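First up is the structure itself, then whatever we jot down about it.
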2 protein chains.
Amino acid sequence: MAQITLQDLAYELNISVSTVSKALKGYPDVSEKTRKLVIELADKLNFSPNVVASNLRTQHTKIIGVIVPTIVHHFFSNVIGGIINEAEKNGYMVILLQSNEDFEMEKKQLNLLVQQQVDGILISLTVETKNFEHLERIQQRGIPLVMYDKVAKAIDCSKVIIDDKKASYDAVSYLIRKGYKRIAYFGGSMVALNFSNRFLGYKQALEEYRIPFDDSLVYICDTSDEYNDGYNNASELIKKHGIIGVDAAFAVTDVIAVGITKYFNTHNISIPKDVAVFGFSNWFMSSVVTPPLSTVNQPGYEMGKKSIEILLKEIAQSKDKKEIVHERIVLPTTLEIRQST
Amino acid sequence: MAQITLQDLAYELNISVSTVSKALKGYPDVSEKTRKLVIELADKLNFSPNVVASNLRTQHTKIIGVIVPTIVHHFFSNVIGGIINEAEKNGYMVILLQSNEDFEMEKKQLNLLVQQQVDGILISLTVETKNFEHLERIQQRGIPLVMYDKVAKAIDCSKVIIDDKKASYDAVSYLIRKGYKRIAYFGGSMVALNFSNRFLGYKQALEEYRIPFDDSLVYICDTSDEYNDGYNNASELIKKHGIIGVDAAFAVTDVIAVGITKYFNTHNISIPKDVAVFGFSNWFMSSVVTPPLSTVNQPGYEMGKKSIEILLKEIAQSKDKKEIVHERIVLPTTLEIRQST
DNA sequence: TTGTAGGCGTTATCAC
DNA sequence: GTGATAACGCCTACAA
């Protein structure tokens, strides 16, 4: 079934293609009568404009590219939801790509997006990303770029993040103020900036409240199997310190915290009486485990929404050749206190 | 920063545009020497072909459109993951749209995808979708269309689904064989085909094992607040039947089941001793609640993967003008038996 | 082996 | 108010 084009309409009505085009786009300089005629026929024939032709002509695609480390992830799927909803409201569509935390993939995908002539790019970096030439190349091309969640300091562009250090500082301070003194830390690979910042927040809180930092309370979990690693490390923790050597555990993700919870629950360690547990992210799950988990509320949807808002603004600015000023948005996190602390 | 084009390369090398094009695309009829020259220069200048121009010319975009009811949903984000991974492996990109269970949105989005000249469309229908003209129009246009999860019988296209009726029949049969006789049903709106099928499976199992169907054991939960509605309906259930009038609850989603679990846990009703609980979907969460939930394993990733495999096949067939034969894939579900039953 | 030329469907400029 | 014409950047017969 051949697509029907402006030409077909023009031919049918015995007018020129340009008039048809103008009529359809509501240009003022076409008579009411012909406009009606055109629109009627277009409707009747179910005309659907070919946007790739239009894109070629107008030099923009109304498509934005989004790269995300992993889609199947409560936080990121929220981000994506925020991005897509907001994009659509503004007449943009989203091409979604998943880097799987693979640096080479990230580079390749950025190229694909460039070739696709996307109007802008939203990216959360992989953990591996230490070299930023591919990102610089995007900027040299003049394609607006906004980073979210996992960002690169070295690149001068708008960024939307949370303050990981502060968030974990807040959580740990809360624990301390509640009277907990021996607070274990369950982290993820320090290679990831987010995680190392959360560690910094942990240490800062200890310091500020003059609680000695104890290396033996720090456990690093494998991020690819957080639940079981949380469980196993909780077991290690208790083996080493017993129930009296530790009174709280701060985990850097909810899944780790849930693993810890599981271990405690199955080994007659009462939460929070024997040991309190604090998570990070506020996944739905954290509200339904027993006991419900105190956690850091990480605003994924807002992060997506804000990111694309900024991107869209920069796209507009760059089209108008206005100077674009980069923003750095730090979204507030809050503590969701439940029964585990 | 102006994009660099084939013309620029041609000019620079003093050869024709078509030779450059051929060289870049590895055509056999260009000399080794010029090919090298071209590729070198392209690399040096960081040339990136404009695929929208190419798309216009070749009449395909290597983009497929995906419409999903909701992104922030464990099952669907798995589906999306499967789609995107498989698409990328085959050189396709994905435009992701979210219908939010809104029929008008669905129609509009389908139009957007048509205008965008996507090579194919993957869709899971909204609950509201009772009229299928918009889908027929897609097919009239000759755009390959595959439906997954929520499909329309009336439309003749490939479909990838699970057998909801059988899955719930299996679950309930399992309960019966385990000795449970008073099995409550916690469903979702019967307007949704998936849910009404699950209800049918429930009834079929009862029938087959000659257990009388009892209306008062059926509870319909509000799908927009499953957790609380599961909780509240569990309360209703116990209010009406007490602990002796019911010995199991089959819920049509894991979230409902978790709500039920919560109610039982907080009201000293022992799972599974007093009442067993069975869920549906096998979200991660179901494995970490207390007690771990028996549930139906619903293969989201595979559904996405299979859907796009079929779509890609049909795209190829339609390009080759081969006759395309529609498939109907019913992905197997399994029972994940844990400690709640 | 290389080049010429036409066209994909739309939009924008400029004449009429 | 309308229409002719020239791009946008690439691909591909076909010709040289």
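Every chain is numbered from 1, with letters handed out A, B, ... down the list of sequences. The structure displayed is predicted, hence computed values, not measured ones.
- Residue A:L9 contributes atom CG, which lies 14 Å from atom P of D:dG3 at whole-angstrom precision.
- Computed from coordinates, the A:Q3 CD to C:dC8 C1' distance equals 12 Å when rounded to whole Å.
- Atoms CG (A:L6) and P (D:dG3) sit 14 Å apart, rounded to a whole Å.
- Of the listed nucleotides (D:dG3, C:dT1, C:dT11), D:dG3 has the atom at the smallest distance from the side chain of A:I15.
- What separates CG of B:N50 from P of D:dA7 is a distance of 17 Å, to the nearest Å.
- Each of B:T58 and B:E32 has a nearest nucleotide on DNA chain C; the 5'-most of these lies closest to B:E32.
- One interatomic measurement links the two molecules: CG of B:L24 to P of C:dT2, which rounds to 14 Å at whole-angstrom precision.
- At the phosphate of D:dT12, OP1 or OP2 sits under 4.0 Å from a side-chain N or O atom of B:Y27.
- Contact annotation: A:S31 reaches the phosphate of D:dT2 (side-chain N/O to OP1 or OP2, under 4.0 Å).
- With salt bridges taken as basic N to acidic carboxylate O contacts below 4.0 Å, none links A:K159 and A:E327.
- Which of C:dT4, D:dG9, D:dG3 sits closest to the side chain of A:S16 comes down to D:dG3.
- Between B:T70 and B:Q98 the shortest heavy-atom distance is CA-OE1, 3.6 Å.
- Of the candidate nucleotides D:dG1, D:dC8, D:dC10, D:dC8 has the atom lying nearest to any side-chain atom of A:Q59.
- Closest approach to the B:K22 side chain among C:dG3, D:dG1, C:dT13 is made by C:dG3 (side chain taken as heavy atoms from C-beta onward).
- Counting only heavy atoms from C-beta on, A:V30 has its side chain closest to D:dT2 among C:dG3, C:dC8, D:dT2.
- The residue among A:F47 and B:S18 whose nearest nucleotide of DNA chain C is located toward the 5' end is B:S18.
- Here B:K25 lies in heavy-atom contact (under 4.0 Å) with sugar-phosphate atoms only.
- Close to D:dG1, at under 4.0 Å from its OP1 or OP2, lies no side-chain N or O of A:T34.
- When the P atom of D:dT5 is taken as reference, atom CZ of A:R57 falls 16 Å away, rounded to whole Å.
- Ranking D:dG1, C:dT1, C:dT13 by closeness to the A:D29 side chain, first place goes to D:dG1.
- For D:dG9, neither phosphate oxygen OP1 nor OP2 lies less than 4.0 angstrom from any side-chain nitrogen or oxygen of B:S54.
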Inset, instruction - In sequence, state the C-alpha distance, the side-chain angles, and the governing distance for B:L113 and B:L97, and then conclude on side-chain contact (heavy atoms from CB on, under 4.5 Å). - result: CA-CA 9 Å; B:L113 291 177; B:L97 260 20; 3.8 Å; yes
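- With respect to B:K305 and B:E309, a salt bridge is recorded, a charged nitrogen being found less than 4.0 Å from a carboxylate O.
- Comment: B:K150 engages B:E101 in a salt bridge, judged by a side-chain N to carboxylate O separation of less than 4.0 angstrom.
- In this structure, B:N55 atom CG and D:dC8 atom C1' are separated by 13 Å, rounded to whole Å.
- In this structure, CD1 of B:I4 is placed 11 Å from P of D:dG9, rounded to the nearest angstrom.
- Looking at A:K33, its side chain has no donor and acceptor atom pair within 3.5 Å of the base of D:dG1.
- Judged by distance alone, with hydrogens and angles left aside, the side-chain atoms of A:D320 form no donor-acceptor pair with the main-chain N or O of A:K322 at under 3.5 Å.
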